[in-house]
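Worksheet: the structure to be examined is printed underneath.
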Amino acid sequence: MKNSRYTFYFILLLSFGLLSCNSTNKTYQIESPNHNNILTFSLTEKGEPQYNLSHNGKTVIKPSFLGIEFEDVKAMTSGFEVLNVEKNTVNTNWEQPWGEFKTITDNHNELIVHLKETKGNNRLVNLVFRVFNDGLGFRYAFPKQDNLNKVKISNEITEFTFPFDNDVWWIPVHAENSYYESFYRKTPISKTDTINTPATFETKDSLFVAIHEANLTDFASMTLLKTNNNQYESNLVPWADGVKVYAETPFSTPWRTIIVGDTPGDLVTSTLMLNLNEPSKIDDVSWIEPSKYIGIWWGMHLEKYTWGQGEKHGATTENTKHYIDFAAKNGLDGVLVEGWNVGWDGDWTADGTAFSFTQSYPDFDLEEISKYAAKNNVRLIGHHETAGASKHYENQLEDAFALYNKLGVNAVKTGYVNKFLDKKEWHDGQYGVRHYRKVIETAAKYHIMIDNHEPVKGTGLQRTYPNLMTQEGGRGQEYNAWSADGGNTPEHTTVMPFTRMLSGPFDFTPGNFNFDYKTPNNAMVQTTLAKQLALYVVIFSPLQMASDLPENYEGKPEFEFIKEVPSIWSDTKVLDSKIGDYTTIVRKDWDGDNWYLGSITNKEPRNLKVDLSFLNANKKYTAIIYADGDVANYKLNPYPVNISKQTVDNQTVLDLKLAAGGGTAIKFTPIM
Ligand code: NOJ
């Protein structure tokens with residue numbers, strides 16, 4: 001995580017007019033290091049700040065206004081002059097403690113425009129632009145100043161104006177639920193209203209663009225309000241009282257990010273969001289352990305067990321020991337146990353103030369189980385469901401984490417199943433942002449990793465707090481147990497890598513092996529078994545679950561893949577993909593030279609040619625291939641998997657045959 005190799009950092013403080021271009025119309029420009037992306041900043045006649053962005057000569061964002069409005073003082077949207085500008089270049093590498101890449105290059109050019117109001121209070125704001133080869137990040141930085149101190153932001157008017165009514169993959173804001181658990185839909189911009197980020201655009205001139213944000217700290221989430229057929233404006237999620245953000249100078253907004261690529265895969269391998277977050281605040285990361293886990297979890301969603309007390313209580317000492325035995329036997333690192341603590345009886349979703357995070361149910365002996373887990377070299381994974389009662393949780397936070405720390409628990413899954421936090425605030429407003437940060441920071445103090453369900457969207461904070469391992473914030477496997485719409489469509493996971501996954505790791509919980517269950521809504525996993533395996537490569541999560549019941553894995557040769565597949569990667573490449581149709585992703589093991597491939601399709605069967613040129617040219621590899629069997633089909637017969645072995649090298653082109661709703665998973669091991 002420390003800066004490594006080499007750093008160029010030079011600052012040119014240039015007074016107004018000396019920089020590039022043109023002093024009369026006050027235009028400033030910087031390019032990405034590879035010259036592909038060009039950012040232009042200008043002030044209009046009325047002193048309104050504007051920016052635009054191009055990629056290889058194509059307009060990505062047309063001139064778009066920037067500015068902030070306040071509840072009780074004049075807006076800062078016009079009447080500016082440029083005091084001076086700074087230009088910096090950074091080219092540095094940094095190491096991740098875990099991720100989809102071991103080493104990340106931060107190579108960007110920066111333009112800082114110092115603006116001052118020409119009249120009235122002469123207030124100041126700096127606009128900071130960073131242009132990378134993979135896109136643009138920019139933020140507002142308000143310096144400490146006499147005439148702007150405590151503020152209530154009522155609106156951010158950052159515009160994103162496209163040249164066309166492009167197609168966009170989007171989910172609605174708060175309309176279906178408060179935590180991003182919606183299907184992405186693809187429509188022209190003109191057919192949307194207010195959408196969440198990441199929002200992914202397929203442009204009319206064949207670019208792939210994603211708008212999102214980075215380093216969401218003590219601010220409200222940005223959503224996008226359609227203002228005309230080609231344009232969105234930042235729409236901050238408000239507090240219950242209508243204020244968007246309470247702030248005090250000096251403060252900065254999160255970075256507004258625009259990834260630009262020529263292929264869908266360029267979005268996936270972009271590192272812009274991570275580069276725009278602060279380096280780690282945790283010096284000793286030795287206790288942060290990416291891992292795979294099983295859990296007393298799917299049983300509740302299938303109604304085999306209950307979270308609350310009674311005959312079907314899942315979290316019993318005996319049952320947990322059985323899960324620990326299974327994990328130990330199969331080399332899985334953790335066992336999640338939900339429903340272990342007081343507060344689940346009755347309708348636990350309604351309130352949440354009955355939850356104790358230190359008191360277990362009488363049939364769950366926390367101490368004994370922790371000892372049993374340690375003896376078997378398995379970790380218990382803690383669970384804190386709050387039902388949205390975040391204050392109630394905060395009051396117990398220190399005690400709860402201290403208890404887990406004492407017992408050797410180093411990962412906790414948190415949950416916030418409720419439309420609101422504390423009955424009135426959004427998960428993704430400044431209130432929620434503050435709460436989630438408090439949990440992450442307190443957890444770090446007790447050496448605890450967090451897997452956060454019903455979260456605020458990810459914005460790359462795992463760089464600063466590498467104990468923020470993974471989040472939900474999307475429709476996960478659980479929908480396949482109870483969703484009234486029948487579960488996740490086969491298309492869903494072919495969209496995720498290019499949308500939800502751009503915000504960071506996803507605790508989707510793949511690994512379903514049994515398709516013969518019945519639940520009241522007749523929901524069903526709509527994939528083949530081979531596709532479940534491929535999801536371990538396609539969906540990145542450093543805490544990765546094997547979601548099915550242990551008995552469904554017993555004796556299954558396909559389980560070998562889940563046992564072996566890593567949960568973190570030193571390198572990632574996206575091969576040929578079409579959003580919503582199919583994707584093929586290859587990743588290299590964090591430790592060692594093995595590569596893994598995951599290829600998935602939507603409901604259409606598909607033959608794909610996969611060029612293995614990513615493999616090391618000087619080696620031969622054994623490929624163990626888990627492919628859909630001839631008659632496999634997600635609807636009719638998801639089970640058949642052909643497991644075969646083949647010697648390959650980087651000249652090989654593999655023919656993959658994906659069934660309807662199917663996939664292929666491959667492990668490549670170098671032959672010594
Ligand atoms: C919703 C979570 O996503 C799920 O994984 C969990 O089992 C339930 N809440 C209960 O906490």
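Heads up: numbering here begins at 1 and tracks the sequence.
Side-chain contact, E385 with W348: no donor N or O sits under 3.5 Å from an acceptor N or O. In this structure, a donor-acceptor pair under 3.5 Å is absent between the side chains of Y179 and E472. Defined by atom type and a distance below 3.5 Å, a donor-acceptor pair is missing between the side-chain atoms of S360 and N341. With hydrogens and angles left out, the side-chain atoms of D422 and S390 include a donor and acceptor closer than 3.5 Å. Side-chain contact of N452 with Q471: a donor-acceptor pair under 3.5 Å is present, judged by distance alone. Under the 3.5 Å distance criterion, with hydrogens and angles disregarded, a donor-acceptor pair is assigned to the side chains of N215 and T217. Judged purely by distance below 3.5 Å, without hydrogens or angles, the side chains of D428 and H174 pair a donor atom with an acceptor atom. H427 and E454 share no side-chain donor-acceptor pair at under 3.5 Å. No donor-acceptor contact under 3.5 angstrom links the side chains of N480 and Y517, judged on distance only. Remark: the S547 side chain and the T509 side chain contain no N/O donor-acceptor pair separated by less than 3.5 Å.
Salt-bridge annotation for E233 and R256: absent, with no side-chain N of the basic residue lying under 4.0 Å from a carboxylate O of the acidic one. Between K281 and E441 no salt bridge is recorded (no basic side-chain N to carboxylate O distance below 4.0 Å). Salt bridge annotation for D485-R475: present, with a cationic side-chain nitrogen under 4.0 angstrom from a carboxylate oxygen. Looking at K438 and E394, a side-chain N of the basic residue comes within less than 4.0 Å of a carboxylate O on the acidic one, giving a salt bridge.
Every residue two or more places apart in sequence or in another chain was checked for a side chain to side chain donor-acceptor pair (under 3.5 Å) with N230, and none qualifies. Residues satisfying the side chain to side chain donor-acceptor pair (under 3.5 Å) test with Y140, not counting sequence neighbours, are T158. For F508, the ring pair (Phe, Tyr, Trp, His ring centres under 6.0 Å) test picks out F506, with sequence neighbours left out. In this structure E425 satisfies the side chain to side chain donor-acceptor pair (under 3.5 Å) test with no other residue, sequence neighbours excluded. For W169, the side chain to side chain donor-acceptor pair (under 3.5 Å) partners at least two apart in sequence or on another chain are E202.
At distances below 3.5 Å, at least one donor-acceptor pair connects side-chain atoms of T257 with backbone N or O atoms of H212. Of the possible donor and acceptor atoms, one in the side chain of N196 sits under 3.5 Å from a partner among the backbone N and O of P172. Of the possible donor and acceptor atoms, one in the side chain of N488 sits under 3.5 Å from a partner among the backbone N and O of G476. The main-chain N or O of T194 is never found under 3.5 Å from a side-chain atom of Y232 such that the two would form a donor-acceptor pair.
Ring geometry for Y404 against H384 counts as parallel: the plane angle stays under 30°, on a 0 to 90° scale with 60° as the upper cut. Ring geometry for Y416 versus Y393: interplanar angle over 60°, hence perpendicular rather than tilted (30 to 60°). Classification of the W307-W344 ring pair by plane angle, with boundaries at 30° and 60°, yields parallel. Taking the six-membered ring where the residue is Trp, H392 and F357 present tilted rings, their angle falling between 30° and 60°.
Summarising the geometry of P542 relative to I568, their closest heavy-atom pair is CB-CG2, 3.7 Å, with the distance given to 0.1 Å. When all heavy atoms of L236 and A220 are compared, the closest pair comes out as CD2-O, 3.8 Å. Pairing each heavy atom of I600 with each of L535, the nearest pair is CD1-CD2, 4.1 Å.
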What's the verdict on salt bridge (Lys or Arg N to Asp or Glu O under 4.0 Å) for E181 and K419, showing C-alpha distance, side-chain angles and the deciding distance? CA-CA 12 Å; E181 294 179 6; K419 181 171 183 190; over 6 Å; no

Salt bridge (Lys or Arg N to Asp or Glu O under 4.0 Å) between K244 and E156, intermediate numbers included: CA-CA 9 Å; K244 301 281 176 62; E156 175 187 330; over 6 Å; no

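Screening residues 335-362 for salt bridge (charged side-chain N to carboxylate O under 4.0 Å, His left out) gives E338-K413, D351-K423 as the qualifying pairs, with residues at least two apart or on separate chains.
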